[in-house]
Amino acid sequence: MENDNRTELAKGYEHREVEARWYPFWLERGYFHGDENDRTRPPFSIVLPPPNVTGSLHLGHALTATLQDVLIRWKRMSGFNTLWLPGTDHAGIATQMIVEKELKKTEKVSRHDLGREEFLRRVWAWKERFGSRIGEQHKALGASLDWERERFTMDERSSRAVREVFVRLHEEGLVYREKKLINWCPDCRTALSDLEVEHEEAHPGELWSFAYPLADGSGEIVVATTRPETMLGDTAVAVHPEDERYRGLVGKKVRHPLLDREIPIVADAILVDPKFGTGAVKVTPAHDFNDFEVGKRHGLEQLTVIGLDGRMTEAAGPLAGRDRFDAREEVKRLLAEKGLDRGTKPHVLPLGRCQRSQTVLEPLLSDQWYVKIEPLARPAIEAVEQGRTRFIPEQWTNTYMAWMRNIHDWCISRQLWWGHQIPAWYCPDGHVTVARETPSACATCGKGALRQDEDVLDTWFSSALWPFSTMGWPDRTKTLETFYPTSVMETGHDIIFFWVARMMMMGIHFMGEVPFRTVYLHPMVRDEKGQKMSKTKGNVIDPLVITEQYGADALRFTLAALTAQGRDIKLAKDRIEGYRAFANKLWNATRFALMNLEGHVHRDVDPTKLAMTPADRWILARTQRAVNDTLAALEGFRFNEAASTVYQFVWGELCDWYIELAKEALYGDDAGKKAAAQATLTHTLKTALLLLHPFMPFITEELWHVLRARVGADGWPDSILAARYPRAAEVDEAAERGFGPVIGVVDAIRNIRGEMNIPFKVVLEDVELGSLDAEAEATVREELGRIHRLANVKDARVLSDGAVPAKRGQSAVAVGAGFEVRVGLAGAIDLAAEAARIEKEIAKLDQDLASVGKKLENPSFVAKAPAEVVEKDRARLVELREKKHKLEAHRAMLSGSETLSTRRQSMENQNEQKPTTEESPSTPAAAVQEAAGQVQTAVAGAVEKVVATATEIAKAASSAVVSGIEGLRKEKKPARRSARKPAKKAAAKKVAAKPARGGKKVAAKKAPARKAAARGGKKAAAKRVVKAPARKTAAKKGARKAAARRGRK
RNA sequence: GGGCGGAUAGCUCAGGGGUAGAGCGUCGCCCUUACAAGGCGAGGGUCACAGGUUCGAAGCCUGUUCCGCCCA
């Protein structure tokens, strides 16, 4: 590949071909390997959140991979010793269920039929078969993972770490075994941790009441329940101690109507809410978390009536063996028969479901292993308080803290086969031996015949160790020394508790230091309708389907561009299409460069030694600005800003402006200027490729190679991966500003063309450029050739010493800050259109004048607002007035012509009748004009009306096209157009999305503003209006500039 | 019940005290020798609602209404 010396490119970008080429190239060269022995470069490490080994990646994973790869590639190119460590998770329940399902389907056997050993063999086989898929998907996405270090949560070293942790925690008393109520999934047949319970907020159910007869026959007590079947396990009835209704009953007993038992009535102020239901509560300590606590307080019996299979136990007497939901109905029926039914009413209740199977969970009493959390949580809280780990976005800090502060002990045993079997052994006498290696004798009594605990550990237990178990712990490895703590944990906010919090606890406890310095929590990826992607909804998208269709680079760029803090991502195809177009744009920009760099041997750009023009200096300054902005965004994890900065720069400045500007020199005869343009183009394109590489690794690598081959640049590494990422530096603001008038003038002429319907083909031969200060004049003169080319103008006259273009009829005029353009359209101008255009512009100026004037009129504003703000508005006022005067002069000129005067006459007649009504196009505006300082509040409303009117007139006028304009147009080619346009265009239009193309021309617009300000002697003055016509446009551009400034920080 | 987020152009979304933004879509014009996956131009918003703070609020505060998510 290094011998690839192609210097030409195909006409369009074909991602399939290009993307296939580079991953093997990178791998061969070992670029992705983190060097644990290299202590000279600063380390930067990330561990990839391990996906489920039997699953396949979805778009959430693609987002993870993208953002992490952006960070890793950026840091790698910036001189860091990077490690990005891949791996997969054994995903206990999920994997076991998948394999069980498959076995049932294909072999009609259950895991119990096969036995534990054989079943596990099958799961491993399954894992081998499908586990590689995830790796392939990551490679297709371009993820620069260090595959040499790939790990699996159940590989030998991870298992060793798991055992070590379990044993140590046990030795420290932080792991214990106890019989208590746990959430049990009768379907998965395993205990779950609190976190694996999904709470259904408002499940529609019923509250059913029945009577317990008092044992002494003196009456009854009515209780209400949502779970009648549990009454078989009731061992008390509780009332509130202060409830008058039941005061006399406390201490008495009731008789169980279905079982031969007597049950005490107890008083409990915590459990019972006297206002709920009847104020009396049945108590089932073995099947309800609240009741369990009541049972402990009152020493009640715990009677298990529902078994692990969800069926009633022997203790349920007549209902033994019945399914729990059947039993519910049967209990109701039986009690009704006995005349104890006291009615039912609808009731919404919260319901706990199994995260995995959606089965309604059953609280059951059982022996399980737990991690005592409080001693682990405390240091994990402190670490965040002290800032040793920080969350981005910051608000997740609160979520983390809140959870950590009232965390419960963690149930870590699972009744599964697939997982780390708990390293605890039981002797025949029931003593427990916990050990690293399989023991031969009981640690307590020395007896043999030990039996290992059959349960396995919660999958998250091994995941919690991931940042250090993957680096070789419990050994003290070089990898740990070099790369722990990791630099960033980047994952979805949905697993902040499951994973992030637990890694924090384990990392601090076993490594003595936090596992990561920064936690960046990305948003959730949703479908176009905003729904969470899930298998059951069937809206899961395989990233490979997208990469196949649009290219991995397009997908990656889209994901990065949509990753703004604080909102979920709704992935829309339009956006991906748009960024595919962007890739194509970059491709073609490079293609253009290659065509025009023949013979150019690139050396670092040194402006002092080359015949650089203002355009060259401008794009170099803009390039540096893009570099600075991109770096700032990356540093702050603002992926969307970084992406859009580069996008705007490449498309809006490099392609839309510089390439067009450069043609003048590239195609021209001046060897010095040509060389300067070539050097500038090369530098700018190279920088763009470098900036983009972390986001779009494939295409940038491809283009790097051809560009490198073309310009014979020795200093360029043979992979863009090994090249140095651009560094922040001071921006040449004078160069940015200085070029403004050129862009302003071109924009102004294009706008006139657009509004006057003058096709680009028609050469404008009577153009005057004036109102230029000395510097602008010099620049405009120097760049006149470029202005001619970009606006298709011939022999524009540049007026000296700030002279204003002569006022003539038959002309269109545009006034910008620091320049004025007159385009003569003798005999062909649509006077009505031009008048309307100017009218509209003036109306909008009036609106602005009114608002600024009102502000400056307000004494408190002048007194209290910061001086710069006031200054700025004053400068703005001056500028607006100046502009308005110029346009008015032009208007006066226009109104001299016959066409317009007729129209105007009628307008003014209307004005006289109702000067401030909507029919009035100009008078109220005129009233406002001179007196920005005296503008009355009342005027504002009128001005608004004027604007509306002016717009209407503009529309009316444009539709009344003067035929003369047609004469200017070249003959149309209807046959040709109709022959090929419809089909082609229709198709093309559909795919033409151009996303997030923010602020094209941002840069350009900035310049004139400042210039105007400078001229007026007011520094901050201006964001300004570059373009004369259409205030809306001007305003927009001002805002873009403001946005650009903000982005810059 | 507690907490967090959201409501900005037709759509999808940035922005976050000092002139309302982008992409897509829409409307004109154009095959201008890098790119029609393109170029040039235009139109489009009472920033959910109501109060308040402030010289100034889309932004800050309070409340309301909807929509998400998390926790109990």
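Lettering follows sequence order; numbering is per chain, from 1.
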Scan [X] against the nucleic acid and name what it touches under 4.0 Å (heavy atoms): base, sugar-phosphate only, or nothing.
{"X": "A:I659", "value": "base"}
{"X": "A:Y13", "value": "base"}
{"X": "A:A402", "value": "nothing"}
{"X": "A:P859", "value": "nothing"}
{"X": "A:F289", "value": "nothing"}

Query - salt_bridge(A:E664, A:R786) N-O dist < 4.0 Å - result: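 No, A:E664 and A:R786 are not salt-bridged.
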**Report entry** NZ/NE/NH1/NH2 to OD/OE distance under 4.0 Å, A:R876 and A:D848
**Finding:**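 So A:R876 pairs with A:D848 through a salt bridge.
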When the [atom1] atoms of [M] and [N] are compared, how many Å lie between them, rounded to an integer?
{"N": "B:G2", "M": "B:G16", "atom1": "P", "answer": "31 Å"}
{"N": "B:G10", "M": "B:C47", "atom1": "P", "answer": "12 Å"}
{"N": "B:U33", "M": "B:G38", "atom1": "C1'", "answer": "14 Å"}
{"N": "B:U54", "M": "B:C27", "atom1": "C1'", "answer": "42 Å"}
{"N": "B:U26", "M": "B:U12", "atom1": "C1'", "answer": "16 Å"}
{"N": "B:A48", "M": "B:A58", "atom1": "C1'", "answer": "11 Å"}
{"N": "B:U64", "M": "B:C70", "atom1": "C1'", "answer": "23 Å"}
{"N": "B:U53", "M": "B:G63", "atom1": "C1'", "answer": "15 Å"}

Report task. Name the residue closer to the 5' end of RNA chain B, choosing between A:R591 and A:G754 according to the nucleotide with the nearest heavy atom. Result ->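 Comparing both residues, the 5'-ward one is A:R591.
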Report task. Find which nucleotide of RNA chain B each of A:N398 and A:K864 is nearest to by heavy atoms, and output the residue with the more 5' nucleotide. Result ->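 That would be A:N398.
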Could you let me know what [N] is paired to, Watson-Crick or G-U wobble, both distances under 3.5 Å, or none if it's on its own?
{"N": "B:A14", "value": "none"}
{"N": "B:C4", "value": "B:G68"}
{"N": "B:C40", "value": "B:G28"}
{"N": "B:U62", "value": "B:A50"}
{"N": "B:A34", "value": "none"}

I'd like to check the salt bridge (charged side-chain N to carboxylate O under 4.0 Å, His left out) partners of [X]; sequence neighbours left out, ordered by chain and number.
{"X": "A:D288", "value": "none"}
{"X": "A:E17", "value": "A:R21"}
{"X": "A:K864", "value": "none"}
{"X": "A:R591", "value": "none"}

Requested in this report: Determine whether the aromatic ring centres of A:W396 and A:F391 lie less than 6.0 Å apart.
Outcome: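 A:W396 vs A:F391: aromatic centres not under 6.0 Å.
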Starting from [atom2] on [N], measure out to [atom1] on [X] and report it in whole angstrom.
{"X": "A:I569", "N": "B:C69", "atom1": "CD1", "atom2": "P", "result": "17 Å"}
{"X": "A:L790", "N": "B:C30", "atom1": "CG", "atom2": "C1'", "result": "15 Å"}
{"X": "A:L597", "N": "B:A34", "atom1": "CG", "atom2": "C1'", "result": "12 Å"}

With the criterion being N/O to N/O and under 3.5 Å, what pairs connect the protein with nucleotides 60-62 of chain B, and how long is each?
none

Query raised in the report: Which of these nucleotides, B:A37, B:C29, B:C55, is closest to any side-chain atom of A:A865?
Result: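 Nearest to the side chain of A:A865 among the choices is B:C55.
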Requested in this report: Please tell me which of the listed nucleotides, B:A34, B:G28, B:A37, lies nearest to the side chain of A:N757?
Outcome: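 Selected nucleotide (nearest to the side chain): B:G28.
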Requested in this report: Measure up the A:Y647 and A:F557 rings against each other and bin them: parallel (under 30°), tilted (30 to 60°), perpendicular (over 60°).
Outcome: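 Ring orientation of A:Y647 relative to A:F557: tilted.
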Query raised in the report: Can you find a side chain N or O atom of A:K585 that sits less than 4.0 Å from OP1 or OP2 on B:G39?
Result: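 Yes.
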Query raised in the report: Going by the salt bridge (Lys or Arg N to Asp or Glu O under 4.0 Å) test, which pairs reach into residues 393-406 of chain A, not counting sequence neighbours?
Result: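 Every pair satisfying salt bridge (Lys or Arg N to Asp or Glu O under 4.0 Å) with a residue in residues 393-406 of chain A: A:E385-A:R405.
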